[in-house]
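This report concerns only the one structure given below.
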Amino acid sequence: MDLRPHLRWNGDSFTCPEVLVRRLNDGTELRGRIVETEAYLGPEDEAAHSRGGRQTPRNRGMFMKPGTLYVYLIYGMYFCMNVSSRGDGACVLLRALEPLGGLETMRQLRSTYRKGSASRALKDRELCSGPSKLCQALAIDKSFDQRDLTEDKAVWLEHSPPGPREPAVVAAARVGIGNAGEWAQKPLRFYLQGSPWVSVVDRVAEQGTQV
DNA sequence: CAGAGGATATGCT
DNA sequence: GCATATCCTCTGG
């Protein structure tokens with residue numbers, strides 16, 4: 001298994017996007033195809049939590065072996081899910097999934113965590129179109145931090161069957177990192193062009209993308 | 001549709 | 001104290 005998805009997504013061998021599977025305690029399996037990621041390159045990356053090589057209790061998973069999960073709490077109330085990609089502080093943030101199975105359970109999980117929970121039913125596109133949304137939809141929380149994605153019984157990756165055409169991948173600036181200098185501009189966010197499941201579409205970046 | 005504001009744990013100055 | 005790899009609700013055009 002290639003556990004350096006940001007290289008896969010960047011390279012010319014992007015033919016088999018991965019499917020993330022989450023098995024709940026009751027046996028329900030939730031499935032989503034990864035359609036958007038961000039790469040964080042490690043100590044040199046000013047926008048990464050591992051910048052400067054600093055290790056804290058929070059970011060320890062970034063420095064563990066490739067395939068280790070780094071799940072952290074953001075803004076005091078949401079989770080983000082990353083996969084360590086080299087073991088030196090580099091990782092991949094999962095930003096959006098195309099829901100493939102267990103959508104009703106995802107909808108339930110999402111509304112449970114949401115604020116005014118009594119409100120409207122969520123559309124399919126609202127289930128996994130953001131890093132913290134997908135954590136809610138798949139019931140991923142801090143207890144998954146530092147787990148091994150290649151060994152865990154509750155969460156793993158599967159290859160999705162190759163489609164008729166290679167999907168075009170857009171490389172765009174990462175989201176939500178305004179204060180990281182030149183690193184904020186680098187095209188380290190990758191998503192499937194035209195996918196309705198991504199969190200943020202960058203029309204300008206798509207102009208420069210070779211299809 | 002765009003923008004403002006709130007919730008609030010963790011790490012840094 | 002202050003910023004942050006976010007999301008949701010409310011308001012105004």
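Atom set for the values below is all heavy atoms of this structure, side chains included, hydrogens, waters and symmetry mates excluded. The sequence lines fix the lettering, A, B, ..., with proteins before strands; numbering per chain opens at 1.
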Among [options], which nucleotide sits nearest the side chain of [X]?
X: T56(A); options: dA7(B), dA5(C), dC12(B); answer: dC12(B)
X: P131(A); options: dA5(C), dG11(B), dC7(C); answer: dC7(C)
X: S132(A); options: dG11(B), dA5(C), dC7(C); answer: dC7(C)
X: R58(A); options: dA5(C), dC8(C), dT10(B); answer: dT10(B)
X: P57(A); options: dA5(C), dC7(C), dG11(B); answer: dG11(B)
X: M77(A); options: dA7(B), dA5(C), dC8(C); answer: dA7(B)

Answer yes or no: does a side-chain N or O of H49(A) lie under 4.0 Å from OP1 or OP2 of dG11(B)?
no
Suppose we call a contact any N or O donor and acceptor under 3.5 Å apart; does that hold for the side chain of Y72(A) and the base of dA5(C)?
yes
When the distance from [atom1] of [X] to [atom2] of [N] is rounded to whole Å, what number comes out?
X: E46(A); N: dA3(C); atom1: CD; atom2: C1'; result: 15 Å
X: Y75(A); N: dG11(B); atom1: OH; atom2: C1'; result: 14 Å
X: L127(A); N: dC7(C); atom1: CG; atom2: P; result: 13 Å
X: W183(A); N: dA5(C); atom1: CH2; atom2: C1'; result: 15 Å

Using the P atom as the reference point in each nucleotide, state the distance between dA5(C) and dT13(B) in Å, no decimals.
14 Å
Looking at residues at least two apart in the chain, or sitting in another chain, which of them share a salt bridge (charged side-chain N to carboxylate O under 4.0 Å, His left out) with R107(A)?
E104(A), D124(A)
Let's test your reading of the pairing rules: Watson-Crick or G-U wobble, both distances under 3.5 Å, then write DNA chain B as a dot-bracket string with ( ), [ ], | and dots.
|||||||.||||.
Sidechain N-carboxylate O distance under 4.0 Å for R60(A), D145(A):
no
Taking K133(A) first and then E126(A), would you say they form a salt bridge - that is, a charged N and a carboxylate O separated by under 4.0 Å?
no
Find out whether K142(A) and L73(A) are in side-chain contact, i.e. whether some heavy atom of one side chain is under 4.5 Å from a heavy atom of the other.
no
Would you mind classifying the nucleic acid contact of M81(A) as base, sugar-phosphate or nothing, using non-hydrogen atoms under 4.0 angstrom?
nothing
Short question: side chain of Q55(A), backbone of F63(A) - any donor-acceptor pair under 3.5 Å?
no
